[in-house]
Novice: 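Questions regarding the structure given below will be posed in turn.
Naming convention: chains lettered A, B, ... in sequence-line order (proteins, then strands); numbering from 1 in each chain.
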Amino acid sequence: MDEQQKQRFLSLRRELIRREFAGLNERQQEAVLCTEGPLLLLAGAGSGKTTVLIHRIANLIRFGRASDCTEVPTGYGFAELAALEAAAAAEGPMDTQTAALCTVEPVEPWRIIAITFTNKAANQLKDRLADMLGPEAQEIWAMTFHAACCRILRREIDRLGYDLQFTIYDTADSERVMKEVLRSLNYDEKALPPRLVLRLISQAKDAMQFPEAFADAAGRGGDQRLADTAKCYAAYQTRLREANALDFDDIILLTVKLLQDYEEVRVRWQQRFRYVLIDEYQDTNHLQYLLSALLAGGRENICVVGDDDQSIYKFRGATIENILSFEERFPGARLIRMEQNYRSTQAILKAANAVISHNRGRKGKTLWTENASGVPITVKESFDENEEANYVAGRIFAQTPPARFRDFAILYRTNAQSNALERSFKFNAIPYRIIGGTRFFDRAEVKDMLAYLCLINNRADDLRLSRIVNNPPRGIGLKTLETLRRLAESRGLPLYLVLADAGQYPALERSAKKLLDFSALIEECAGLLDSLPLPEFYDAVVEKTGYARMLEEQDDVESRTRLENVRELRSSLVNYLETHPDDPSLHGFLEEIALYTDIEQYDAEADAVVMMTIHTAKGLEFPHVFLVGAEDGLFPSLRSMDDGAELEEERRLCYVAITRAKQSLTVTHARQRMLYGRTTANPLSRFIGDIPRELLSPSSKPRTPKPQSPGSREGRMFYDDLPFAERGGWDQPPQRRADVGIGPYGSRSSGAGSSPLRPGAAAQHKAPVVDYRPGDTVQHSSFGRGMILRVTKMGNDAMLEIAFDDKGTKRLLANTASAHMKKL
DNA sequence: ATCATAACGCTTTTT
DNA sequence: GCGTTATGAT
């Protein structure tokens, strides 16, 4: 082929590949076809970033680097060119021969690593890849930073003197270790709070500063607190190493260290991965940047996707610098902006753009959409958080039907705000789910059972041993434990070895029997591990340890829930076995748990309103969004208001909140609210003041713009402070139902106090839990006979939808209703 | 060893 | 205002 033919061949090839991605817009296609070298993808909210990631991987696997290379394979001539010309002229999907001509070095799936931040994102990626590519997708390393590093460490960490079967400590574990360290070094926990020390250590690790270097630096600085921290850092690392444990930071840090210091390791992994993709790049910290760069080293086929405007995790070490300086760190990097939004209405996007435009230090990006302009944004003032919650409940009722409950999301700045909402929703029998808060694996009883399993798995795990050695009570108290610690430390042995050999130590004479009983228990359980399948083994542990008996004996609602949770842990075991037939080991399960701390949303399909913090909502979208608590002092939080950088982070958080909404956005704020036990009054959030007033619904128009207060920006708005009822109530009045009150406190106009409007609602916690299923027939004292249509789980309670023979269909809460109702 | 009461302290969150 | 933890009394 001559030069002209070559060029023709190349452009035809690229065009044909491009056609395979015809469903994407031009920018998205560009990102998909751009396979070689560093690529920075600035993907605005709702711009189809995951879609692009998936298609980009598909392109790599199907066509290799053909779409982004300027070579024509040797031996190609006129025949091949003619074949492409013919294919280009034809319609329809590409045939196999054409595909072969359009392929250069197709990538094996296992040579691609796509890193995300959360398991949720990783799973989403895996699922969508499997949909598109079939079983091949399994081979792609689509996982979190920590999961990827763990897989590497399981092969390599012995070089650093750790056992390949290391344990992972979560944040709570780390905190306990640090408390012990502080105690053993005789530091006062108030003068040197464990959390602070851990934060400093985390920062040191992010900077790859090991204890020695940290001590050197602290010594030079002459800061006593830093010098103390250095001692704690060293002691903390020693303890972790002796327990053969890694904290979350270590997982990344040690992987980076291995890749940096051991050429063999570096070469192995660099050769393995031909393409590196990083999602949510704006959330990476320095260590994660190093890791990404190391993995991509040599080829530098690194594609990072992110949105500087959605960086909301600076408080835990993420540095937006990684995005802002990507092009300097990777010379020759290409930059593609994806600014077309497919999610939201114009009104919502304009509001989001207006809010975020006040930030400096942005890459600069303006979202646009071809979607309709949509309904205006509503800003609603309420008297307090209860009225606010009732307003939201009323609005949701007013729109149901046609909207489903699951089309609504309520977003707030702090988890504590869910309380008022929860009360109101329970009262009004609106099904809801609260995401976040205390997680399943953070519950004490679950951690206790896991501690037993960890100890069985690794007898050197002093931390887990001390958690459960006297739980349930076995007469092994603090003093005995202290003696154990002393002995273990002086001999350089794990606690368990001293305990299991208690007869040898005169100091333990009195408690020797109890200690030996405990070690016999652990050994007995461990013995069952080989003979029983994991779930049955777990049952045995629950029984033999006496944990179940302890909970059964207490026999109150609280311990019944705890027992349920202990049993629920068994289902995660079963679930693990189903998903990992290749590794049905206890060890494999514990590792999965350590990194995958959020239980699968078991009822994700349920038709329920969802409530969560704005942080948790990142990456999600909902037809209707309520942003509640939009007040200065809460959002932005008080602590961020006097710091420019922190205020910018809060503003990005606001941007994230607004851009979650597809069709409608309602912002609420309260004139007064209970905050940390004090009633506080705060003005409307300054962020909401940045939204141009023409985007707002008439009912949210300001009365009179007041004079500027010092320091406030122009365009700031103030809203009238007429009582709620005199302003026309709800924008759309809720359909009041005979059996449904409007809130636990009533509306203010009714003057009701805390007495509920619905009979039985107050006795909720005393009501027995009855198991209801769809299809059950029930007899209700007021509503008569009915059949259960639907059961929606809501925490410990459940929402029942019951078709009564005479009174129509009603929604009732199971715990409340069971007092007035029996199964037939 | 275990239970009771006082004191603290507190965004956001993933791994 | 609430939940967790530290300390003292039984």
Novice: Which whole-number value in Å describes the distance from A:I435 CD1 to B:dT13 P?
Specialist: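 For the pair A:I435 CD1 and B:dT13 P, the rounded distance is 12 Å.
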
Novice: Under 4.0 angstrom, heavy atoms only, what part of the nucleic acid is A:E649 near: base, sugar-phosphate, or nothing?
Specialist: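 No contact.
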
Novice: OP1 or OP2 of B:dT2 versus the side-chain N and O atoms of A:N470: is any pair under 4.0 Å?
Specialist: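 Yes, A:N470 has a side-chain N/O under 4.0 Å of OP1/OP2 on B:dT2.
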
Novice: Which class fits the ring pair A:F315 and A:H615: parallel under 30°, tilted 30 to 60°, perpendicular over 60°?
Specialist: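 Perpendicular.
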
Novice: Nearest to the side chain of A:T171, heavy atoms from C-beta on, is which of B:dT14, B:dT15, B:dT12?
Specialist: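 Comparing B:dT14, B:dT15, B:dT12 against the side chain of A:T171, the answer is B:dT15.
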
Novice: Grab the CD-C1' distance between A:E385 and C:dG1 for me, whole Å please.
Specialist: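 One finds 11 Å between C1' of C:dG1 and CD of A:E385, rounded.
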
Novice: Looking only at side-chain atoms of A:K479, point me to the closest of B:dA1, B:dT15, C:dG1.
Specialist: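 Closest nucleotide among those given: B:dA1.
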
Novice: For B:dT14 and A:N119 - does any side-chain N or O of the residue sit under 4.0 Å from the phosphate oxygens OP1/OP2?
Specialist: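 Looking at the OP1 and OP2 atoms of B:dT14, neither is under 4.0 Å from any side-chain N or O of A:N119.
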
Novice: Please work out whether the ring planes of A:F273 and A:W269 are parallel, tilted or perpendicular, with thresholds of 30° and 60°.
Specialist: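 Aromatic pair A:F273/A:W269 classed parallel.
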
Novice: Quick one: classify the glycosidic conformation of B:dT12 as syn or anti, with syn meaning within 90° of 0.
Specialist: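 Chi for B:dT12 falls in the anti range.
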
Novice: Picking from B:dT11, B:dT12, B:dT14, which would you name as closest to the side chain of A:S640?
Specialist: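 Looking only at heavy atoms from C-beta outward on A:S640, the closest nucleotide is B:dT11.
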
Novice: Quick one: A:L481 CG to B:dA1 C1', roughly how many Å, whole number?
Specialist: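 Computing the A:L481:CG to B:dA1:C1' distance gives 13 Å.
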
Novice: Determine whether the side chains of A:N244 and A:T167 contain a donor N or O and an acceptor N or O closer than 3.5 Å.
Specialist: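 Their side chains do not contain a donor-acceptor pair, so the 3.5 Å distance test is not met.
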
Novice: Salt bridge between A:R673 and A:E388, side-chain N to carboxylate O under 4.0 Å?
Specialist: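 Salt bridge: yes.
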
Novice: Check the pair A:D690, A:R686 against salt bridge (charged side-chain N to carboxylate O under 4.0 Å, His left out), reporting the backbone distance first and the verdict last.
Specialist: CA-CA 7 Å; A:D690 292 335; A:R686 57 190 69 193; over 6 Å; no

Novice: So which protein N/O to nucleotides 3-8 of chain C N/O distances come out below 3.5 Å?
Specialist:
none

Novice: Taking the nucleotide of DNA chain B with the nearest heavy atom to each, does A:T144 or A:H615 sit closer to the 5' end?
Specialist: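 Residue closer to the 5' terminus by nearest nucleotide: A:H615.
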
Novice: Would you mind reading off the distance between A:L287 atom CG and B:dT15 atom C1', rounded to a whole angstrom?
Specialist: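 It is 13 Å, rounded to the nearest whole Å.
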
Novice: What does A:L478 touch in the nucleic acid at a heavy-atom separation under 4.0 angstrom: a base, only the sugar-phosphate, or nothing?
Specialist: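 Counting heavy atoms under 4.0 Å across all strands, the contact made by A:L478 is with sugar-phosphate only.
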
Novice: Hey, does A:R678 reach any base, or is it just sugar-phosphate, or nothing, if we go heavy atoms under 4.0 Å?
Specialist: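 Since no nucleic acid heavy atom lies under 4.0 Å of A:R678, the category is nothing.
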
Novice: Please classify the nucleic acid contact of A:E646 as base, sugar-phosphate, or nothing, using heavy-atom distances under 4.0 Å.
Specialist: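 Base: the residue A:E646, judged by heavy atoms under 4.0 Å, touches a nucleobase.
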
Novice: So, A:E156 side chain and A:L258 main chain: donor-acceptor pair closer than 3.5 Å or not?
Specialist: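 Checked: no pair found.
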
Novice: Pick base, sugar-phosphate or nothing for A:T616, based on heavy-atom distances below 4.0 Å to the nucleic acid.
Specialist: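 Sugar-phosphate contact only.
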
Novice: Any idea which of C:dG1, B:dT11, B:dT12 is nearest the A:F315 side chain?
Specialist: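 Selected nucleotide (nearest to the side chain): B:dT12.
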
Novice: To the nearest Å, give me how far apart CD (A:Q672) and P (C:dG1) are.
Specialist: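 So the two atoms are 13 Å apart, to the nearest Å.
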
Novice: How would you label the contact of A:F117 with the nucleic acid (heavy atoms, under 4.0 Å): base, sugar-phosphate, or nothing?
Specialist: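 Sugar-phosphate contact only - A:F117 comes under 4.0 Å of backbone atoms but never of a base.
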
Novice: Is the backbone of A:A191 close enough, under 3.5 Å, to the side chain of A:R225 for a donor and an acceptor to pair up by distance?
Specialist: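 The answer is yes, because a donor-acceptor pair under 3.5 Å joins these two groups.
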
Novice: Just checking A:D247: base, sugar-phosphate only, or nothing, at a heavy-atom cut-off of under 4.0 Å?
Specialist: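 Result for A:D247 = nothing.
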
Novice: Indicate whether any N or O donor in one side chain lies under 3.5 Å from an N or O acceptor in the other, for A:Y432 and A:E422.
Specialist: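 On atom types as modelled, these side chains qualify, holding a pair under 3.5 Å.
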
Novice: Would you kindly compare A:D249 and A:R413 by the position of their nearest DNA chain B nucleotide and give the one closer to the 5′ end?
Specialist: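 Mapping each residue to its closest nucleotide by heavy atoms, the 5'-most match is A:R413.
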
Novice: Could you tell me whether A:D283 contacts a base, only the sugar-phosphate backbone, or nothing, with contacts defined as non-hydrogen atoms closer than 4.0 Å?
Specialist: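 Touches nothing.
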
Novice: At 4.0 Å (heavy atoms only), tell me whether A:I476 reaches a base, stays on the sugar-phosphate, or touches nothing.
Specialist: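 Sugar-phosphate contact only.
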
Novice: So, does A:N415 get its side chain near the phosphate of B:dT13, meaning an N or O under 4.0 Å from OP1 or OP2?
Specialist: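 A:N415 to B:dT13 OP1/OP2: side-chain N or O found under 4.0 Å.
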
Novice: For A:L653 and B:dT13, what is the distance between atoms CG and P respectively, to the nearest whole Å?
Specialist: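 Interatomic distance, CG of A:L653 to P of B:dT13: 10 Å.
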
Novice: Expressed in angstrom and rounded to an integer, what is the separation of A:E280 atom CD from B:dT13 atom C1'?
Specialist: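 Result: 13 Å.
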
Novice: Roughly how many Å is it from CG in A:N123 to C1' in B:dT15, rounded to a whole number?
Specialist: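 A:N123 atom CG is separated from B:dT15 atom C1' by 14 Å.
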
Novice: Would you indicate what A:T613 reaches in the nucleic acid, counting non-hydrogen atoms under 4.0 angstrom: base, sugar-phosphate, or nothing?
Specialist: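 A:T613: backbone/sugar contact only, no base atoms under 4.0 Å.
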
Novice: Examine A:K513 relative to A:F518 and say whether NZ or CZ is less than 6.0 Å from the centre of the six-membered ring and inside a 45° cone about the ring axis.
Specialist: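 Pair A:K513/A:F518 does not count as cation-pi.
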
Novice: Would you tell me if any nitrogen or oxygen in the side chain of A:T118 comes within less than 4.0 Å of OP1 or OP2 on B:dT13?
Specialist: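 Negative; the distance criterion is not met.
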
